[in-house]
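Before any comments, here is the structure.
By convention in this document, chain letters (A, B, ...) are assigned in the order of the sequence lines, proteins followed by strands, and residues within each chain are numbered from 1.
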Number of protein chains: 2
Amino acid sequence: MRMSDGVEWAAHACALLAALPEGVGVSAALLAEFNDLPPAYMAKHMQALARAGVVTSARGAGGGYRLARPASEVTLWDIVEAVEGPEPAFRCTEIRQKGPCAAKPAECRHPCQIAAAFHAAEKAWRGSLKAVSLASILADLARKQSPARRAELLAWLETKL
Amino acid sequence: MRMSDGVEWAAHACALLAALPEGVGVSAALLAEFNDLPPAYMAKHMQALARAGVVTSARGAGGGYRLARPASEVTLWDIVEAVEGPEPAFRCTEIRQKGPCAAKPAECRHPCQIAAAFHAAEKAWRGSLKAVSLASILADLARKQSPARRAELLAWLETKL
DNA sequence: TCTATTGCGGATATTTAGCATCCGAATTAT
DNA sequence: ATAATTCGGATGCTAAATATCCGCAATAGA
């Protein structure tokens, strides 16, 4: 089981968007360049974020992506859901209904104990991700990152906008 | 992100082993037949469980697999770890150290906020799985499954052992 | 209006995971 | 001993997920 790298990329991209002044659009190409990522694939993931309503997009010169809502209202789960899709990692294939001792469909109105346990575990996982917003990430970062470093990053971005 | 079907198969197989009287070995072929699963691939997963010490194996006639310890001491996480490996689903590739504003390695002694949040979420997930043992699964099952159904399953198994 | 820029979606390549097969080694029952 | 089982590992094939590319549509500014 492995989460696609796109989730990490999208999360960092969204954190960058959240750190920017309001109303500024950033192209997918620039977001990719910032972390030395493949531009084409980065663009795909930004499209996924746009479809999911996490960011808004604007075409044409001076366009690009920006957050669709305040940073405090975008969670890591929103980003995972946008990039990886909403489906759970564990998908019960109902093998109890197969084989020589197959259970009848009527006996399977409820998920089996195993599926229930996995679903509960994933719910805990999602809950943990929903508790972390871009705002809380930036707040943590501000505490650990030197102001000089932060200024350096913003300065580079300004030269490109 | 998707968990392999093998985890579901292994979990059901272990639950079956846990429901059996002590000292009985079951071949991989029979475990596969019980749920109409591909025998070769089932065998592969049973080997993984044996390598991880979840089950013990015995070759030769009358051999097969059995639980390596009491059902109360085998958790769903043990099975996931055996089949999928212990690596986390989220793997930070340290993209903050790449690109035109790359952070220096000295600044990266600690994981970034994003990686830390994902690691915390997976810890919650693992914790939830570690709280569920094969014994608790069987106990839940006994509460919902009719005694007649249980007898039916054991009867079929006896004809094959 | 024309051009440069940018997002969008389809089509294509690459990599990974799932599945099957084979044969050898170990063990037990006869 | 011998034969019947059964696990273990190596190898190859297929399907699916992942990553990449390319042309088109839309937008803003000159």
Side-chain angles (χ1 to χ4, degrees), chain A residues 1-10 13 17 23-33 35-68 80 82-85 87 89-91 93 95 160-161, chain B residues 1-10 13 17 23-33 35-68 80 82-85 87 89-91 93 95 160-161:
Chain A
M1 188 178 53
R2 172 171 197 155
M3 181 169 292
S4 93
D5 294 337
V7 172
E8 184 189 3
W9 304 356
L17 293 180
V24 179
V26 184
S27 73
L30 184 55
L31 288 171
E33 183 188 355
N35 288 119
D36 193 24
L37 298 171
Y41 204 31
M42 185 72 199
K44 260 280 198 262
H45 292 309
M46 294 312 297
Q47 287 173 31
L49 288 171
R51 267 194 302 273
V54 174
V55 302
T56 60
S57 61
R59 299 197 201 195
Y65 294 96
R66 64 200 72 186
L67 284 187
V80 171
V83 174
E84 290 260 342
E87 286 144 36
F90 180 90
R91 303 171 204 181
T93 59
I95 58 176
K160 293 283 189 171
L161 289 177
Chain B
M1 188 178 52
R2 173 172 196 154
M3 181 169 292
S4 94
D5 295 336
V7 172
E8 184 189 5
W9 303 357
L17 293 180
V24 179
V26 184
S27 73
L30 184 54
L31 288 170
E33 183 188 355
N35 288 118
D36 194 23
L37 298 171
Y41 204 31
M42 184 74 199
K44 191 163 193 158
H45 292 307
M46 293 312 296
Q47 288 172 28
L49 289 171
R51 267 195 302 273
V54 174
V55 301
T56 60
S57 61
R59 301 195 201 197
Y65 294 97
R66 65 200 72 186
L67 285 186
V80 172
V83 174
E84 290 261 345
E87 285 145 36
F90 180 90
R91 302 172 205 179
T93 58
I95 58 177
K160 293 283 189 172
L161 293 177

Checklist entry - Considering heavy-atom distances to DNA chain C, does E84(B) or A40(B) have its closest nucleotide positioned more toward the 5' end? => result E84(B)
Checklist entry - Do I95(B) and D36(A) have side chains that get closer than 4.5 Å, going by heavy atoms? => result no
Checklist outcome for this item: The reported gap from CD in Q47(B) to OH in Y65(B) (rounded to nearest 0.5 angstrom) is 5.0 Å
Checklist entry - At under 4.0 Å between heavy atoms, what does P39(B) touch on the DNA or RNA strands: base, sugar-phosphate, or nothing? => result nothing
Checklist entry - First and last nucleotide of DNA chain C touching chain A, 5' to 3', heavy-atom cut-off 4.0 Å? => result dT5(C) to dG10(C)
Item to check | Proximity to DNA chain C (any heavy atom under 4.0 Å), residues of residues 41-54 of chain A only | outcome: K44(A), Q47(A), R51(A)
Checklist entry - Contact class for R2(B) vs. all strands (heavy atom < 4.0 Å): base, sugar-phosphate, or nothing? => result sugar-phosphate
Next on the checklist: With rounding to the nearest 0.5 angstrom, report the CD to CE distance, E87(B) to M1(A).
Outcome noted: 11.0 Å
Item to check | pair S4(A)-E84(A): side-chain heavy atoms closer than 4.5 Å | outcome: yes
Item to check | Heavy-atom pair of closest approach, residues A82(A) and A52(A) | outcome: CB-CB, 3.4 Å
Next on the checklist: Taking any heavy-atom pair under 4.0 Å as a contact, classify A28(A): base, sugar-phosphate, or nothing.
Outcome noted: sugar-phosphate
Checklist entry - So what does W9(A) hit on the nucleic acid, given a heavy-atom distance under 4.0 Å: a base, only sugar-phosphate, or nothing? => result nothing
Checklist entry - Side-chain N or O of R59(B) less than 4.0 angstrom from OP1 or OP2 on dT5(D)? => result no
Next on the checklist: Once rounded to the nearest 0.5 Å, what's the spacing between atom CG of L17(B) and atom CE of M46(B)?
Outcome noted: 5.5 Å
Item to check | Rounded distance in Å - CE (M1(B)) to P (dT18(D)) | outcome: 10 Å
Checklist outcome for this item: dist N35(B):CG -> L30(B):CG (nearest 0.5 Å) comes out at 10.0 Å
Checklist entry - Rounding to a whole Å, what distance do you find between L37(A):CG and dT20(D):C1'? => result 14 Å
Checklist outcome for this item: Output for pair (W9(B) CH2, L31(B) CG), nearest 0.5 Å, gives 12.5 Å
Checklist entry - Is V26(A) touching bases, backbone alone, or none of the nucleic acid, heavy atoms closer than 4.0 Å? => result sugar-phosphate
Item to check | R91(A) versus R2(B), closest heavy-atom pair with distance | outcome: NH1-NH1, 3.2 Å
